[in-house]
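Worksheet for the structure shown next.
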Amino acid sequence: MGIILAILLFSFIIFFHELGHFVLAKKNGVDVEEFAIGMGPAIFSREYHGTWYSIRIFPIGGFCAMGEDDEATDSPGNFNNKSVWARMSVIAAGPVFNFILAFVFSVILVWMTGYDAPVVGSVDSGSPAAEAGIQEGDTILRMGNKKINIFREISFYNQYHQGEETTITFLHDGEEKTATLDPELDEELGYYRFGFNSSPAREATPLTALQYGVYEVKFWICTTIDSLKMLVTGQVGVDQLSGPVGIVDVVDDSYQQAKVYGGFAVTAQLLYLAVLLSANLGVMNLLPLPALDGGRLVFLLVEAVRRKRVPPEKEGYVHLAGIVLLMALMVFVMYNDIQRVFF
């Protein structure tokens, strides 16, 4: 059951991404040849207003075919005959819809489970935090140059800056204070800690659900970007990347652990993973790499500045090379996933 839920969850997130392209394409009068749910042979297909709507046999994602690689047609509805800004909106809509979906899921999740305000719940005696004067009930405002909105940002900041001296800005009795903390190594955990802990989750109102829904999406976007920086700088190895096989395994494990606590826990866990995956997919697709939405946006930005399109055949070669490299990376990642999961 967990594997089925994982496939359906991942597929819905990809489908919603393609829905973004579809909605903005229709809004800008772009001819959409086909909008499909799933992949592989079609089991249902119907034409409506010039677009074929299909359901395909494998419930994995979907696609929105706009004929953007077709240079031969003079149709005013052809993607390439639209203004550069219209084309940019269509391409950017996929990742934007992922962020919208992540926000909707975040609001529901916060409403269900509450929110983790960056309020100190307890302080370990003799810890760096205690010596700096941080007390229970204080609100953490900044860690270094990073503004803190939810407590998990503190944990992740510490994870990405293990052992580093950090300037912390906090609110104590309505007064903003600043302290520089040198984290202490917890030998039992093998982990550097500041010595203060989170407070219990707080019940959300409609307003705080919206507010912390935004913070939740921001958190995962920033976490994804920070992880990419660590990958580029070599702090994280390529062998630690995870693809569809790894994602399915994580979702399945989460389901198996949560189902013991009932349907509420399962729903909350799936929503949490959906927020993570949707925000992650939005960021990854905006990377300025060939074949990704971000790579296409780069060419459109160049066109907007030059007021002249990059020769389609040259752009096509770049995207083709990007597809080949991405496929090679996917094979490598899938191999690593299979090794981790099955061996």
Side-chain angles (χ1 to χ4, degrees), residues 14-36 39-40 42 47 49-54 56 60-100 221 224-225 228-229 231-232 238 241 243 280-334:
I14 296 174
F15 157 74
F16 204 79
H17 174 97
E18 296 300 327
L19 182 64
H21 293 311
F22 174 78
V23 169
L24 267 292
K26 286 293 188 180
K27 182 175 177 59
N28 285 285
V30 175
D31 292 335
V32 179
E33 298 172 2
E34 182 180 1
F35 181 72
M39 304 294 284
E47 189 270 342
H49 285 193
T51 300
W52 284 94
Y53 296 87
S54 306
R56 294 178 173 260
I60 304 173
F63 62 86
C64 176
M66 298 176 288
E68 60 265 40
D69 297 323
D70 185 0
E71 301 296 328
T73 181
D74 293 325
S75 167
N78 181 265
F79 177 82
N80 297 301
N81 293 331
K82 296 298 179 180
S83 72
V84 65
W85 303 110
R87 282 177 280 145
M88 287 175 68
S89 70
V90 173
I91 297 301
V96 169
F97 264 52
N98 279 131
F99 296 141
I100 292 172
I221 290 174
T224 303
I225 294 172
L228 288 171
K229 288 178 182 176
L231 182 65
V232 171
V238 179
L241 292 175
N280 188 280
L281 184 62
V283 172
M284 297 302 289
N285 264 281
L286 283 175
L287 293 178
L289 300 176
L292 297 178
D293 291 333
R296 293 183 179 274
L297 286 172
V298 168
F299 279 98
L300 289 170
L301 284 171
V302 170
E303 180 182 344
V305 172
R306 296 174 68 229
R307 298 189 178 183
K308 180 181 178 182
R309 188 177 180 189
V310 176
E313 64 277 6
K314 293 182 180 178
E315 181 179 348
Y317 291 145
V318 172
H319 290 313
L320 178 60
I323 290 173
V324 171
L325 291 174
L326 285 174
M327 289 300 102
L329 178 62
M330 284 301 298
V331 170
F332 175 77
V333 169
M334 187 172 292

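Sequence positions, counted from 1, serve as the residue numbers for this chain. The basis for the numbers below is simple: all heavy atoms, side chains too, and nothing from hydrogens, waters or symmetry mates.
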Please round to the nearest 0.5 Å and tell me the distance separating atom [atom1] of [X] and atom [atom2] of [Y].
X      : Y      : atom1 : atom2 : answer
Glu313 : Leu320 : CD    : CG    : 13.5 Å
Leu24  : Met66  : CG    : CE    : 9.5 Å
Leu286 : Thr224 : CG    : OG1   : 11.5 Å
His21  : Phe97  : NE2   : CZ    : 10.5 Å
Leu326 : Leu289 : CG    : CG    : 7.0 Å

Test side chain to side chain contact (heavy atoms under 4.5 Å, CB included) on Met327 and Val324; report intermediate values, then the result.
CA-CA 5 Å; Met327 289 300 102; Val324 171; 5.8 Å; no
Kindly write out the residues that satisfy side chain to side chain contact (heavy atoms under 4.5 Å, CB included) with [X], not counting sequence neighbours, or none if the list is empty.
X      : result
Val96  : Ile100
Phe15  : Phe12, Phe35, Ile37
Ala321 : none
Arg306 : Val302, Lys308, Val310

Minimal non-hydrogen separation, [X] against [Y], with atom names:
X     : Y     : value
Asn81 : Pro76 : CB-O, 4.3 Å
Phe63 : Met39 : CD2-SD, 3.8 Å
Phe22 : Cys64 : CA-SG, 3.7 Å
Gly62 : Ile14 : N-CG2, 4.1 Å
Asn78 : Asp31 : N-OD2, 3.8 Å
Gly40 : Arg56 : O-NH1, 2.6 Å

Who are the side chain to side chain donor-acceptor pair (under 3.5 Å) partners of Lys26, not counting sequence neighbours?
Thr51
Compile the donor-acceptor pairs under 3.5 Å between side chains in residues 87-94 and protein atoms, sequence neighbours left out, one pair per line.
unit_1: Arg87; atom_1: NE; unit_2: Lys82; atom_2: O; d: 2.9
unit_1: Arg87; atom_1: NH1; unit_2: Glu303; atom_2: OE1; d: 3.0
unit_1: Arg87; atom_1: NH2; unit_2: Lys82; atom_2: O; d: 3.4
unit_1: Arg87; atom_1: NH2; unit_2: Glu303; atom_2: OE2; d: 2.6
unit_1: Ser89; atom_1: OG; unit_2: Asn28; atom_2: ND2; d: 3.2
unit_1: Ser89; atom_1: OG; unit_2: Ala86; atom_2: O; d: 2.6

Heavy-atom check, side chain of Leu287 versus side chain of Leu228, under 4.5 Å
yes
Within the structure provided, determine whether Phe16 and Leu281 are in side-chain contact (heavy-atom separation under 4.5 Å).
no
